[in-house]
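Just below is one structure, and these are the notes that go with it.
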Amino acid sequence: MSSTFGRIHATVARIPPGCVATYGDIALHLGMPHGARTVGWAMRQCPQGLPWHRVINAEGKSSLRGKSRERQYTLLAQEGVVTDRRGRIDLEQYRWQEI
DNA sequence: TGCGTGACTTGAC
DNA sequence: CGTCAAGCCACGC
């Protein structure tokens, strides 16, 4: 798993319950300051067992559409991650800091 | 080897 | 505060 693809998945797998990370954060952690899109591209694979729902965009929202988006918010809510009245997740509060 | 595509981000208008 | 455009990276064809 030395490919960028594998490193992205490995990083996402490390996100603890109750926390979230943005695509940009993960990309930056892997040394790609502008590789946020690559992270999203890798997440499209969605390997089973990966906490994909803990990955959101820089706006604090889900980048998914339709039903998948609702499922992501539901899973996050089950971990205690709630959205503010504007429908956004407070990154200052839930952002994974041990990255 | 080269081009299109995408679960992004940021800066202008 | 909403919309638009450009930049950037890896992968598949």
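Side chains are part of it too, since the values below use all heavy atoms of this structure and drop only hydrogens, waters and symmetry mates. Letters A, B, ... are given to chains in the order of the sequence lines, protein chains preceding strands, and every chain is numbered from 1.
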Starting at atom CD1 of A:I8, determine the distance to atom P of B:dG6, rounded to an integer number of angstrom. 17 Å
Quick check for you: among C:dA10, B:dC8, B:dT9, whose closest atom lies nearest to any side-chain atom of A:A58? B:dT9
Figure out the CZ/P separation between A:R69 and B:dA7, and round it to whole Å. 15 Å
For A:Q45 and A:G35, find the nucleotide of DNA chain C closest to each by heavy atoms; which residue's nucleotide sits nearer the 5' end? A:G35
Distance check needed: B:dC8 C1' versus A:L64 CG, whole Å only. 13 Å
Measure the shortest side-chain to side-chain distance between A:V20 and A:V55 over non-hydrogen atoms and say whether it is less than 4.5 angstrom. no
Proximal nucleotide (of B:dA7, C:dC11, B:dG6) relative to the A:R37 side chain: B:dG6
Choose from B:dA7, C:dC11, C:dC9 the nucleotide whose nearest atom is closest to any side-chain atom of A:M32. C:dC9
Hey, does A:S63 have a side-chain heavy atom less than 4.5 Å from the side chain of A:I56? no
In whole angstroms, how far is the P atom of B:dA7 from the CD atom of A:E70? 18 Å
Rounded at 0.5 Å granularity, tell me how far NE2 in A:H9 sits from CG in A:L50. 6.0 Å
Please tell me if the side chains of A:Y23 and A:T38 come closer than 4.5 Å, counting only heavy atoms from C-beta onward. no
Whole angstrom is fine here: how far is it from CZ in A:R54 over to C1' in B:dA7? 17 Å
Can you tell me the distance, in whole Å, between the NZ atom of A:K61 and the P atom of C:dG2? 8 Å
Using a heavy-atom cut-off of 4.0 Å across all strands, would you classify A:T38 as base, sugar-phosphate, or nothing? base
Map A:W41 and A:A36 onto DNA chain B by nearest heavy atom, then report which one ends up closer to the 5' terminus. A:W41
Is the shortest side-chain N to carboxylate O distance from A:R14 to A:E98 below 4.0 Å? no
Here's a test of your reading of the structure: between A:R86 and A:R7, which maps to the more 5' nucleotide of DNA chain C? A:R86
In whole angstrom, what separates A:N57's CG from B:dT10's P? 10 Å
For B:dA7, which nucleotide is its Watson-Crick or G-U wobble mate, given both distances must be under 3.5 Å? none
Check whether the side chain of A:R44 and the base of B:dG6 form a donor-acceptor pair under 3.5 Å. no
In whole Å, what separates the P atom of B:dA12 from that of C:dC8? 15 Å
Using whole Å, report how far OH of A:Y23 lies from P of B:dG6. 15 Å
